[in-house]
Amino acid sequence: MPLPPIAFDNSYARELPGFYTAWPPVPAPQPQLLKLNHALAAELGLDAAALASADGLAVLSGQVVPAGAEPLAQAYAGHQFGGFSPQLGDGRALLLGELIDRHGRRRDWAFKGSGRTPYSRGGDGKAAVGPVLREYLMGEAMHALGIPTTRVLAAVATGEPVQRDRVLPGALLNRIAASHIRVGTFQFFAARGRHDDVQRLVAYTLARHDPELQGTEPPALALLRAMAERQAALIAQWMGVGFIHGVMNTDNMTLSGETIDYGPCAFMEQHDPAAVFSSIDHGGRYAYGQQPLIARWNIARLAECLLPLIDPDADRAVAAATAVIDAFPAMYAARWLAVMRAKLGLAGDAPEHDEADRTLAEAWLALLQAQGADHTLAFRALADAVDGAAGVAVGDAVADHAAPSARISGVPATHTLQQLLPEAPAREAWLARWRARLAQQPQAAGGHAAALCRANPLYIPRNHRVEAVLTAAIEHADLSPFDELLAVLQRPFEAQAGHAADAEPAAREQTACYQTFCGT
Ligand code: AMP
Ligand code: MG
């Protein structure tokens, strides 16, 4: 089926010559469509049936560059685990082009795993099926949780083996993003003293993401502040759901405020600020609880790139940039409080409640940590604890959600709040404080419990479930477990019959030795 013309409008290619290398994808030898994201295709105004046809697959696999696309590899640098690499760039990715979606938003369409580029250094430019499917699943889960994220339009097996620690089936993905501008993009030009180019990038980024801020204060300062606000909001949302990005290098932090580069990411089970899953994060630099601090550190690296543009007087430039960096903890604290209020069902944002609500939320998290409770299920089980008992187990029927009225939360019968937080005095003392706070506010629409279920997912991509569906896909070429899990994760706030197992944490021994890897 011929692919209808695609209305590419490639502003990056057009407006930023010198920021990239025009470069074609390496065609996949024997492409096979693994997953096509129909909902996302529709959002982009693309014809999903045509994309799934042989002509569509030729485009999704890099065999055919469609009319209007201008594939290019973007230049960027980055701090990786604190050390600066002046030259990274798209080593296994390409920007194919940009589209305006059905809502009038500009979106990048990019490949990952489309072969070597001038920025590949020693790498092969390829990706493997497992990590490509993992990025698909994680991105869709984050999107359904309401968290800004890049998303996968299509995952394609290339028919070519890739060499990692062993030989793996190769794949590439088609990624959709609000843009691919990273902190590291600014660093690339700043490190070379190309301040005019940094200025052009500032103007481009502001026009793309904050058009209303053009022509106000020094544009670089406006951009820095907008970026800090977006990252504060994003990281607060990550913290709410227990997401650990795993590799928050400056090249993996976007100016758009979207989550990008799902490499060694994972969701935390037991609440623990020190939780780390990435095999290479030995020092815990990117541990769960470190993420707000690292975001601030990365924003400081962006600020350094912008100094000459903020004020010609170096002292004044530093003072203005420092003011933004110093304001970040308060920006983040406000966003975090808003996330926690929603998750605890606390209505209103009256400043006179801030201190008490913050203390209540911190005490709750301290309780989860002290008793080793599952982050996701503990929040969810609060829906059962609104009126009295901390959720009474009523037998196996509940485990299968057959009697959701018994516990509105749908948490498995083995994970009531009493079981998640077995030390009763501390639990009941906190619950009493929380109920007293709830009693001071009007009932939410449909009641407190329903509001809590709308704010706290029952399902997150559990590491052991993700591994199981990827194993089925890779070892047995069976994508049906993947599809089933994906369907559950697309409705994370609704208890779904027959899916109790997807809500359950892994055995502790399993989580204790779970490791994630970078190699998409
Ligand atoms: P990451 O840490 O995955 O965000 O990647 C960091 C840098 O390494 C980027 O410049 C990537 O393009 C590059 N890179 C990672 N894997 C490969 C690969 N297989 N081939 C070429 N470049 C790669
Ligand atoms: Mg990256």
Side-chain angles (χ1 to χ4, degrees), residues 1-14 20-74 90 92-117 125-127 129 132-133 135-137 139-140 143 150-160 169-180 473 477 479-480 482-483 486-487 490:
M1 189 191 291
L3 199 59
I6 301 169
F8 285 104
D9 177 51
N10 307 320
S11 67
Y12 204 89
R14 191 169 57 233
Y20 58 83
T21 308
W23 200 260
V26 176
Q30 281 191 306
Q32 192 201 335
L33 187 60
L34 295 172
K35 286 296 301 174
L36 179 65
N37 193 331
H38 288 253
L40 184 53
E43 209 175 289
L44 295 168
L46 299 172
D47 180 338
L51 279 178
S53 74
D55 288 340
L57 185 56
V59 168
L60 296 172
S61 65
Q63 285 185 332
V64 169
V65 173
E70 295 170 86
L72 58 88
Q74 292 179 322
D90 284 337
R92 55 171 164 180
L94 289 174
L95 174 61
L96 183 64
E98 300 158 35
L99 308 172
I100 308 300
D101 75 11
R102 285 257 162 97
H103 307 289
R105 296 173 302 192
R106 180 174 294 277
R107 311 281 287 270
D108 277 5
W109 178 347
F111 291 129
K112 191 165 169 184
S114 51
R116 288 178 53 78
T117 75
K126 304 286 162 86
V129 169
V132 161
L133 287 176
E135 176 154 347
Y136 191 117
L137 192 70
E140 290 310 287
H143 176 68
T150 61
R151 296 172 69 189
V152 177
L153 172 65
V156 178
T158 57
E160 187 180 47
L172 68 101
L173 60 78
N174 288 249
R175 175 163 71 189
I176 305 300
S179 79
H180 284 82
L479 270 168
S480 52
F482 179 94
D483 289 335
L486 177 63
Q490 282 169 335

J.: Are Lys112 and Val132 close enough that some pair of their side-chain heavy atoms sits under 4.5 Å apart?
T.: no

J.: Minimum heavy-atom separation for Ser61 and Leu172, please, with both atom names.
T.: O-CD2, 3.7 Å

J.: Roughly how far, to the nearest 0.5 Å, is CG of Leu72 from CG of Leu94?
T.: 7.5 Å

J.: Looking at side-chain heavy atoms only, is the closest gap between Leu46 and Leu153 below 4.5 Å?
T.: yes

J.: Mark yes or no for whether Thr117, through its side chain, and Asp90, through its backbone, hold a donor-acceptor pair below 3.5 Å.
T.: yes

J.: State the CG-OG distance between Leu173 and Ser114, to the nearest 0.5 angstrom.
T.: 9.0 Å

J.: Give the C-alpha distance, both sets of side-chain angles, the deciding distance and a yes or no for side-chain contact (heavy atoms from CB on, under 4.5 Å) between Asp9 and Arg14.
T.: CA-CA 9 Å; Asp9 177 51; Arg14 191 169 57 233; 2.9 Å; yes

J.: Please check if the side chain of Glu98 supplies one atom and the backbone of Tyr12 the other of a donor-acceptor pair under 3.5 Å.
T.: yes

J.: May I ask you to decide if Trp109's main-chain N or O and Asn174's side chain share a donor-acceptor pair within less than 3.5 Å?
T.: no

J.: Provide the closest heavy-atom pair for Pro2 versus Ala50 in the form atom of the first, atom of the second, distance.
T.: O-CB, 4.0 Å

J.: Would you compute the distance between atom CZ of Arg105 and atom CD1 of Ile176 and round it to the nearest 0.5 angstrom?
T.: 11.5 Å

J.: Taking all atoms of both residues into account, what is the closest heavy-atom pair of Phe8 and Ala67, and its distance?
T.: CD1-O, 3.6 Å

J.: Return the minimal non-hydrogen interatomic distance between Ala73 and Trp23, and the atom names on each side.
T.: N-CB, 4.4 Å

J.: Please check: side-chain N/O of Asp47 versus main-chain N/O of Ala49, any donor-acceptor pairing under 3.5 Å?
T.: yes

J.: Looking only at non-hydrogen atoms, find the nearest pair between Pro25 and Val65 and report the distance.
T.: CD-CG2, 3.8 Å

J.: Any non-hydrogen side-chain atom of Lys126 less than 4.5 Å from a side-chain atom of Arg92?
T.: no

J.: So, the side chain of Asp101 versus the backbone of Glu43: is there a donor-acceptor pair under 3.5 Å, distance only?
T.: no

J.: Where is the tightest heavy-atom contact between Glu160 and Pro29, given as atom of each residue plus distance?
T.: CB-CG, 3.9 Å

J.: Any heavy-atom pair between the side chains of Val152 and Lys35 that's under 4.5 Å?
T.: no

J.: What's the separation between atom CG in Leu3 and atom OG in Ser53, rounded to the nearest 0.5 Å?
T.: 6.5 Å

J.: Where the side chain of Asn37 meets the backbone of Leu40, is there a donor-acceptor pair that is under 3.5 Å apart?
T.: yes

J.: State whether the side chain of Gln63 and the backbone N or O of Ala28 hold a donor-acceptor pair below 3.5 Å, judged by distance alone.
T.: yes

J.: Salt bridge (charged side-chain N to carboxylate O under 4.0 Å, His left out) between Arg175 and Asp108: does it pass, once the steps are laid out?
T.: CA-CA 8 Å; Arg175 175 163 71 189; Asp108 277 5; over 6 Å; no

J.: Roughly how far, to the nearest 0.5 Å, is the OG1 atom of Thr150 from the CZ atom of Arg107?
T.: 10.0 Å

J.: Can you measure from CG (Leu479) to CG (Leu133) and round to the nearest 0.5 angstrom?
T.: 6.0 Å

